[in-house]
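In what follows, a structure is listed as structure tokens, so that the remarks can point back to it.
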Amino acid sequence: MIDALDQIFVAAKHRLMEPVPSRWQPLVSALLSIVPLLMVFPGLFALTTLLERKGLGRIQNRHGPNRVGPWGVLQPVADGLKTLTKENVVPRGAAPFIHFLAPVVLVIVSFLVYAVLPLGRNMVAVDLDAGVLFFFAVGTAAELAVFMAGWASRNKYSLLGAMRAIAQMISYEIPLILSAVTVVMVTGSLSTVRIVEAQAEYTGWIPHWFVMQPWGLAGFILFLISATAESNRSPFDLPEGESEIIAGYYIEYSGFKFALFFLAEYLGLFAVSGMAITLFLGGWHAPAPWLEFIPSWACFFVKLLALIALFIWGRGTLPRFRQDQLMEFSWKFMIPMALVNLVSAALWQLMDCGPERWLVSFLLIATPYLLLGRSLFERNQFFKRTYRFAG
Amino acid sequence: MTPLAGYLVLSSLIFTVGLAGVLTRRNAILVLIGIELMLNAANLNFIAFWRFGANPEALTGIMFMIFAMGVAAAEAAVGLAVIIAVYRRCKTTNLDEMKLLKG
Amino acid sequence: MSLPFVILALLTAAAAMGAMSLRPLVHCVLALVVSLSGLACLYLQLGAQFAGFAQLLVYIGAVGILIVFAVLLTRGDAMPPRRSLVQGRVFGLGVAVSVLGVLVWAISRSCLMSPTLPPAPVATVEQIGDALMTRFVLPLELVGLLLTAALMGSVMIAMQEGEDK
């Protein structure tokens with residue numbers, strides 16, 4: 001019974017495949033893997049926009065959307081209808097083809113990366129030998145799409161936004177990939193399925209997730225911060241910066257193209273959260289052995305929603321960075337810490353099991369963290385600000 | 001035409017396009033793009049020879065391609081840095097207008 | 001000659017020609033990116049998965065973005081003036097076409113062309129990693145050194161002027 005529920009989608013796919021002639025099997029199999037992805041994640045996008053607005057409203061002591069439907073739950077439908085029916089405006093000076101191509105490329109790229117995410121037991125679209133590499137390689141094309149959008153609009157704000165976005169994305173891509181490399185090093189595989197398998201066991205109630213180890217925890221935090229920056233979310237939302245450059249690279253987009261940008265942004269957020277779950281949070285494994293009756297796909301989506309809630313919480317509480325702080329934080333803090341973490345993971349892998357390796361791994365991360373944090377702290381004068389003219 | 005010949009012809013076509021660009025275009029960035037194309041044509045040859053040649057299990061072609069890629073990335077970074085430095089001094093990226101021997 | 005190869009080859013070659021002949025510089029860069037992604041797909045089609053993804057990561061993620069940055073920093077996105085066919089251009093095209101002729105002639109006369117197709121070799125990531133850490137460890141270290149030197153060198157070159165002012 002439990003097993004059947006766990007494998008319900010896999011079984012359904014096999015059932016649907018049976019009447020298909022063998023010539024068409026590969027095509028139908030691919031379609032049956034892709035179409036659910038194309039339906040589930042946009043659905044999750046609609047849900048998340050509502051959750052985000054409700055959550056932000058709660059944080060800011062207001063109601064959030066509550067007009068459309070009971071408690072405002074139909075708000076995403078209204079938003080969708082609104083963007084679909086709006087006029088599509090293309091600026092006269094724009095390069096029309098690239099202006100059109102940018103959101104399309106962005107959405108395609110955002111969907112492509114889902115191919116390697118294991119959403120449940122036996123539920124991965126393609127189990128690539130180099131899955132993690134595929135994820136990051138395809139993800140980089142998003143930067144180019146952002147540039148295309150910013151450049152083709154022929155607007156100084158959009159170009160500024162695109163420049164900011166690219167600078168931020170390439171700076172934070174390095175710690176993102178370096179913190180993922182620690183996991184690859186310890187599991188010895190680039191395949192997402194094998195990385196999830198490596199985190200399957202439990203000691204007592206405690207799962208063998210990589211986040212439970214010192215290097216894994218540091219890697220997870222680095223990965224999460226970089227992921228926030230990669231998906232341009234607050235406190236790293238400078239490329240959009242409504243109060244400075246209005247909407248950044250998609251200022252000249254309207255109607256459905258604007259909705260596509262919005263969709264791609266959230267899809268990127270889900271994908272990178274899914275990767276964080278796969279790499280550090282045990283993928284679709286249940287958090288404790290007595291919770292294993294929960295279907296694996298449900299575990300994955302619960303973890304995904306928890307990470308989304310974390311992102312919403314961060315957006316509601318953290319103020320925006322300044323551009324120089326953003327760059328300094330990446331190059332002077334994140335990248336050195338990611339490199340130190342790499343050494344820590346290597347030592348963890350080489351040492352025998354026992355308390356020593358916990359101590360060594362922990363000290364190796366904590367000492368540079370304290371030293372680096374202290375030196376940046378003192379030089380940048382982050383201490384209590386004195387107001388000379390006010391008060 | 002055998003499959004290997006197809007890849008080799010494609011690779012020489014890309015190489016030639018890059019060469020023609022380097023010889024005819026006068027913008028320094030375009031010249032760099034041409035050089036990238038030529039390097040990539042060579043990489044395609046490595047992979048094609050690995051696939052269709054003898055001893056593919058030695059992985060020599062793939063290794064060569066990976067190292068060539070690293071060198072090409074270094075070349076692009078330094079080349080573009082030089083172009084930016086020259087642009088700051090001369091306010092141009094046109095190769096015909098860079099005539100100063102002494103900056 | 002399979003159909004995927006023909007499609008990818010046409011796309012790659014057309015994009016390469018576009019990269020060298022379009023007028024707005026940004027269009028050239030985008031065409032270059034299309035051409036390089038076409039090459040990455042060709043690597044995948046040849047069975048070199050790791051090489052294909054590495055190509056995407058390095059050329060689109062790093063080199064493409066770098067060139068875009070250089071274009072923007074040198075204000076190269078303005079249209080270059082239209083020029084008539086000059087002597088240098090004819091000469092350059094002539095040299096390129098003759099090089100192509102020689103290469104194609106050499107390929108057609110080569111004795112390497114066995115019509116039999118060898119079985120597809122496998123190159124898993126694990127094999128590549130093993131090879132990189134054993135037989136090819138010295139080149140790997142050298143490439144690492146080269147990249148570090150290039151990183152520092154390009155930062156120094158690009159920074160120099162700013163300090164003078």
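Note on naming: letters A, B, ... go to the chains in the order of the sequence lines (proteins, then strands), and numbering restarts at 1 for each one.
- Interface residue C/Leu132: backbone and side-chain heavy atoms are both found under 4.5 Å from chain B.
- With a threshold of 4.5 angstrom between heavy atoms, B/Glu36 approaches chain C through side-chain atoms but not through N, CA, C or O.
- Interface remark: C/Leu32 contributes side-chain atoms only to the contact with chain B (heavy atom separation under 4.5 Å).
- Of the two parts of C/Ala62, neither the backbone nor the side chain holds a non-hydrogen atom closer than 4.5 Å to a non-hydrogen atom of chain B.
- Interface remark: C/Phe69 contributes no atoms to any contact with chain B (heavy atom separation under 4.5 Å).
- Among B/Leu10, B/Leu37, B/Asn40, the residue making the largest number of heavy-atom pairs under 4.5 Å with chain C is B/Asn40.
- Contact tally against chain C (heavy-atom pairs below 4.5 Å) for B/Leu23, B/Ile62, B/Thr16: the top residue is B/Thr16.
- The choice from B/Ala48, B/Ala73, B/Ala81 that makes the most heavy-atom pairs within less than 4.5 Å of chain C is B/Ala81.
- Contacts of C/Leu10 with chain B are absent, with no heavy-atom separation under 4.5 Å from either backbone or side chain.
- With a 4.5 Å cut-off on non-hydrogen atoms, B/Ile47 touches chain C through its backbone and its side chain both.
- Contacts of C/Leu57 with chain B are absent, with no heavy-atom separation under 4.5 Å from either backbone or side chain.
- For chain B, the nearby part of C/Leu36 is the side chain; its heavy atoms alone come within less than 4.5 Å.
- Rounding to the nearest 0.5 angstrom, the gap separating the CG atom in C/Leu25 from the CG atom in C/Leu30 is 10.0 Å.
- Interface remark: C/Leu100 contributes backbone and side-chain atoms alike to the contact with chain B (heavy atom separation under 4.5 Å).
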